[in-house]
Amino acid sequence: MGRIALRAYAQRAVLLLAGLFSLTVLVYYMMLEGGGAPRESVNAFSGAKQGDTAKAPELPAVTAAVPAFPEESGMTAAADNGRLSLLADPKTGHFLVVDEWTGKKWRSYPNPEGWTDKGVTAVWISRMLSPFMLGYVRADASQELDQTTDWYAENGQIASFEKLDDGYRVQYRLDRFETDISVEVRLKDGYVETTLPADGISGVRDGLSLISLRLFPFFGAETSNKDGFIFIPDGSGALIDFKEDQPSSVSYYYERIYGEDRAYSFNQLSSDRLPVRFPIFGIGAEEQAFLGIVHKGAEHTSLLAAPSRSFNSYNWAAPEYTFRYKYYEPTTTSRDQGVFVYSPDEIQAERVTRYYLLADNDPDYSDMAAVFRGYLERESGLTRLSGGGSKLPLRLSLLGADTAEGFLRDQALPLTTTGQAMDIVQELNSLGVDEMSIVYKGWENDGYGRYGASFPVNPAIGGDKGMERFIRFAHGKGYEVLLDAESYSYNNTGAGGFRRSRDALRDLSSSIIDVVAPSGGIAALVAPRLMHEDIVNDLSKAESLGADGLLFGGAAGSRLDSDFNIRRLTSREESLALQRDTVSQTAEALGTASVSNGNLYLLDLVKHLEGLTADTSYDMFVTRSIPFAQLALHGLIPYTLEYANLSDDYKKSFLKGIEYGAEPSFLIAYASPGDMLRTKTLQNLYSTHYRDWLVEMVTMYQRYNDAMGGLRGSFMVGHRQLADGVYETSYEDGTRIIVNYNDAPYVSDGRRVDAGDFIVEKGGKSP
Amino acid sequence: MTRLIRWFAASLAAAGILLLGGTPPSAWAETPYDTYAKDPYGQARLTPPAYSPATVIGRDIYVPDANGALQYAPLNGAQDLDIGSGDRIFVADTGNNRIVEFDKAGEFMRVIAPGDDPLNGPRGIFAADDGSLYVADTGNGRIVRLGADGAVMSSFGRPEGSALPEDTAFEPTGVAVDDRGFMYVALNGSYQGIMQLSPDGEFRGFFGTNATEADWMDRIKRLLYTKEQLSRQVRLLPAPIRSIEIDDLGYMYTVSGSGSEQVKKLNIRGENLWSGRSFGEQLPEGGKRAQVQPVSGQSGEMTGGLLADVAVDKAGNATVIDKARNAVLQYDSDGRLLFFWTGRVTAGMPKVGLNQSPIAVTIDSAERLLILDDALNVIQVFEPTRFGTAVHTAHELTGEGKYGESERYWNEVVKLDARYAPAYRGLADAAYFEGDYREAMSLYRLAGDPNGHSEAFWQLRLAWLQSSFPWIANALILLFLLFVAAPKLRALVGDRLQVQLPWQFPKLGQLLIQLKQAFVILRHPLEGFSDLRYEGKGGWLSGALLIGAALAVLPAETYLTSFTFDPVPPERRTVVPALVLFAGIWLSWVVCNYLIGSIYRGEARFRDVFIGSAYAMFPTVLLGLPLALLSNVLTLSEASIYSTLGGAVVVWCGLLFFWNIQSLQNYSVGETTVNIFLTAAAMIMLWVLLFILFGLAADLLDFAKTIVLEVFL
């Protein structure tokens, strides 16, 4: 083609370019104006759907009955077991338990002594005296607003009352909703048990979409004109001491047991409190106390605890049974606009709560913990640890590999190769650390922050061969090596054939749930069924390496989520069963399973607990944090607190470990701090270079063993505060350990504890 | 472009982003807030807490009433607090018209409310060393001096002859007193600064006035508007001063709501020692624990900050509180940020350590921070942690020049937080001071400090030069001799060399001649460029090779340039995007230049434009690598040489492009200039078009996907 012709074409090309440009600008402008924004602007609570013109049917007006305390004289004897006797009020279904030896009473309604009408609204009077409170939405209304009501406010009736062998059954009727609620109360050895059967709520449910139910919420409730406390399972345990005068801003405690279900979390604020690991609560006042344990249905229950002056003048704590969950239903494809609605199906599950009653010797939280320990022994089958004289091992967690931003592309950054791991173990041995238990984190093929790939082990740290060699080396010294399995919970690489659209966890509106993974980046949650499959399939590979077990955490043991991915529907209870199955199969195939931030339902399957926190959620109404979990678990299962080198003050965390009877635990890497600066994902880990912590590791190991070696199978029977910043822990063999957090020494009764130090008074009695 | 971003954000949202906490390996943090420090590149980085919550004061105030019974009487909207002698805490309980005193441990001591001369909404308080209290009695428009017994000693109302305008009320909201007894008063809404009063209450002048902030719009108005129009504009006034504070040395600190210089450190003459600095940081989202980010489409922007108060400790570190965003920021005595911390506050759930509405801050003798919260009506007390104390001590020692002593503390800081960059700078300073320059250099590199790196390198270079001087001298003499003898050598060797060169292979020989043309162009650009076309001295392959070389030199340059001149850590120097961008721009230049040339009387073919532009990039190939290598032996004192050379390369390339167009298209100088402008315009058009097309294609794809999903689900 001639040059001139080419030029002509070129000229036309330029004109075409200019023309196209103006055209697209015009079109774009029109499109922008026409609105990429959705046509309908629907805010969260308007709930108005298009074409919804039906008016809510008028419900009949309710005239409330007059709420009143049940008369003790009008109660009938329902059961008696020699020590405790149960009295029931046929008019309201309330009950009263009397301890015949001490005369102490526990009521399912607030303690009448201390009652005052002053400053309480009529609404709350009705609620405090009702046998139950319910939360509901109107199923047919266009307004999805949740409401609360109670038996008195609904002018409720007793449909039937019958005695059972060890208690009674009462059927409540709510006329407005044409619904019956059947409740059973039984007296057992040392406790009274309330049951809401799975089919306990029957009837037409006219206009009632049940959300929640609080059964006998004011059991054991007391006013603040006496000394007492509410116990909540915040952190390892926290107490809310009774206080008459609170600032107006006082709030209350309300948390879901086993943590929030992330399948209902889309576009909702998550709680910033620590998750509840054990479904327990309690109140103690005037030489009596009770410990409530949600025995069945805990996965669909939340705990509420309110100090006086938050709602009314009583301190109360109660479980709230959930029947429907709130979730976000988007109304645009971009999912940025939508409404909050409640799940359509009601959860059918049996709900059983036990109230263990304590009246001997002015019970305090240590006694409550002993009761919980007994419960664990009986119900979870936990048994006392053997090996009374053996040493406390150093729990060493090693960081394998992460990714670093390379010059051209990301590359693997080895933090502790298997060879280096051997060096670390050797060095610790030579410094006197004889007993160890090792966990390898970040061993996965792609390194720590890239979730999805698991076996083979990351070649950057030595691959399968290297890991095998390290495990053999550790076995030669008698140490166990566990591999971290928390990474199975997430997937952000698509490795292992994972496809987000097919395999990720979804909520009821089919939104894929993304979370902030431990590495700090965003990852999809793997569907629980798929995670279960993945882990079980990989067990043989772990076995071939010689691994002694897996450390669970994250969605595999620490969080409990449902899944509405159509291919893998999983309810919360099924998710719990899957976690238990995963852990038990692991224990069977490899020998050991361990869990970090684990829940009650895994206690019988794991050999070790990691990360029992010594903190609370910092609520202002909490007055003290107590080692309740540790009091109950010491001697049944070994545990560690948080990693000592990552705590905010390692000297304080050293003392905490002594006070709480924990084993020393560190998370370290061979890599120097300069190398750690290059990691892409490990932003939270301030200081992990092993050389920086050698001295502390050895010291902690030696001093912990000096103090607590030999206490392995011993129960922790007492814990109390001796003075501000000084605490005493006592064990069943008589050993007492006194810890002083202050900057000044503590001197009393001829004992002296230096500042920032502890002393041990050995006992001698055999357990 | 916005479309593209929206599409991307929408697809993220479509995937459902709600960020909930996973369980990081460090599990729960031991404070309810996250503490950050800025790394050398301005990014906020998590650090261990510098302060941890110690206790809460003010929850148990019981005052006997008329009958002697104790009544619960909590604080009510208290606005200020101060520490007196013996670490006693005095709170201006504004809503209750009284002063409340607590002891060092936080126990309630007494209420001070002079019955005969009651206070009215006092918003400021200052505890003098002699035990007397100066109260800014706002509602009564006066400063009141109370004795240790709580009785009114003196009362100072509106001073005579002050420069206050008639209609402005005298409403003191804060007061500070120096050791001579002179009072410095912050007035409500006054734009004139702090009023200085003598110990007798006489007006002495204004002090520390803020500058009026006019944006460029206001300046234009001032230039263009008439006097009458200006008088009708809203008056631009400087921001009023919210709070004042005096430290032990007599420096005065003020906090205002201005856009910059929010916190000023004033000396006795009113000069701001922290001029030009800006306080109040952009707070990061996310953090250690479960922080939720809103789904895109909802507002995720941060509200403006509101700095409320400042407190200064013995070392001169200033702690500033941000009321609107619930953050506490701490700066060193030079006004540089040390740390800041913030936590998510949920209304209705008060937490120990999290302030909902911090209004005042002060520091006691044990270096504890006391923050008064007027929503929770309590004082939250924070203690320095091991980490915080280590940083403060190390910082102080370095500031005093005691590098050797500071090393121990910096080492402790590094042990507690291996990522704390200022610690590496401190250690580098210590190493430098001790003469270990190699160590200092690598530490400065870790700390991201190019100046220090350069200084340390200078020392090393000097030492090397001094020790190698004999070798250098010999080498120079040899070079000189070679230079003199060069022509003779060439004559001797040249012919034989030429025979051995592979110019017998015609194709390869042709290519080499073409490549050699690049050097010719450097010396004789205009002729050189025409020769590319008319003498066949340029071909597709040679052009491609040259531009390929330029592209290859770019990453090599980035990699090889010394840290001193390019203070970005190697792992952050991502090269691939830069390469792609560079190649994209060059290619679009070539295309647009050809197109413009074709309609603007040019004579070049596409091939010519391509090859010419490739040859014009030759200076970067020639000089880029050497320059990068050179940067490794230069220090910042020779920065001018480096930047001049770098600039020269750019200018030379630019000139070559100019001559390329001029000669190949056969233009005059003027025509060339016009061509260049038109090419630039065409390039912009091309890029905008590409972005739009890309965005539209993405939308189309999204649409198709939705249809498919609708149909098949």
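Quick note on labels: first sequence line is chain A, next is B, and so on, each numbered from 1. All values below were derived from every heavy atom in this structure, side-chain atoms included, with hydrogens, water molecules and symmetry-related copies excluded.
Ranked by non-hydrogen atom pairs under 4.5 Å with chain A, the options Asn411(B), Ile596(B), Ile599(B) are led by Ile599(B). In terms of non-hydrogen atom pairs under 4.5 Å with chain A, the most contact-rich of Val352(B), Leu446(B), Thr346(B) is Val352(B). Interface summary for chain B: among Gln246(A), Glu244(A), Met676(A), the most heavy-atom pairs under 4.5 angstrom belong to Gln246(A). Your options are Pro330(A), Ser647(A), Gly235(A), and the one with the most heavy-atom pairs under 4.5 Å with chain B is Ser647(A). Here Asp60(B) is the residue among Leu354(B), Asn377(B), Asp60(B), Thr35(B) with the most heavy-atom pairs under 4.5 Å with chain A.
Salt bridge absent: Lys705(B) and Asp702(B) never bring a charged side-chain N and a carboxylate O closer than 4.0 Å. A salt bridge does not link Lys656(A) to Asp649(A): none of the charged side-chain nitrogens sits closer than 4.0 Å to a carboxylate oxygen. Salt-bridge check for Arg262(A) with Asp561(A): passed, with a basic side-chain N closer than 4.0 Å to an acidic carboxylate O.
Residue Pro74(B): no heavy atom, backbone or side chain, is found under 4.5 Å from chain A. Interface remark: Ala523(A) contributes no atoms to any contact with chain B (heavy atom separation under 4.5 Å). Tyr420(B) does not touch chain A: none of its heavy atoms, backbone or side chain, sits under 4.5 Å away. Looking at Leu75(B), neither its backbone nor its side chain comes within 4.5 Å of chain A, counting heavy atoms on both sides. Of the atoms belonging to Gln380(B), it is side-chain heavy atoms, and not backbone ones, that fall under 4.5 Å from chain A. Proximity to chain A is absent for every atom of Tyr600(B), based on heavy atoms less than 4.5 angstrom apart. In this structure, the portion of Lys243(A) lying under 4.5 Å from any heavy atom of chain B is its side chain and not its backbone.
Under the 6.0 Å cut-off for aromatic ring centres, Phe387(B) and Tyr686(A) do not qualify, their centroids lying 6.0 Å or more apart.
Using bins of under 30°, 30° to 60° and over 60° for the plane-to-plane angle, the ring pair Phe606(B)/Tyr594(B) lands in the perpendicular bin.
One side chain, Thr679(A) or Arg419(B), offers a donor N or O that lies under 3.5 Å from an acceptor on the other. A donor and an acceptor atom, one from each side chain of Thr616(A) and Asp234(A), are nowhere located under 3.5 Å apart.
The backbone N or O of Ser236(A) lies less than 3.5 Å from no partner atom in the side chain of Ser625(A), so there is not a single donor-acceptor pair.
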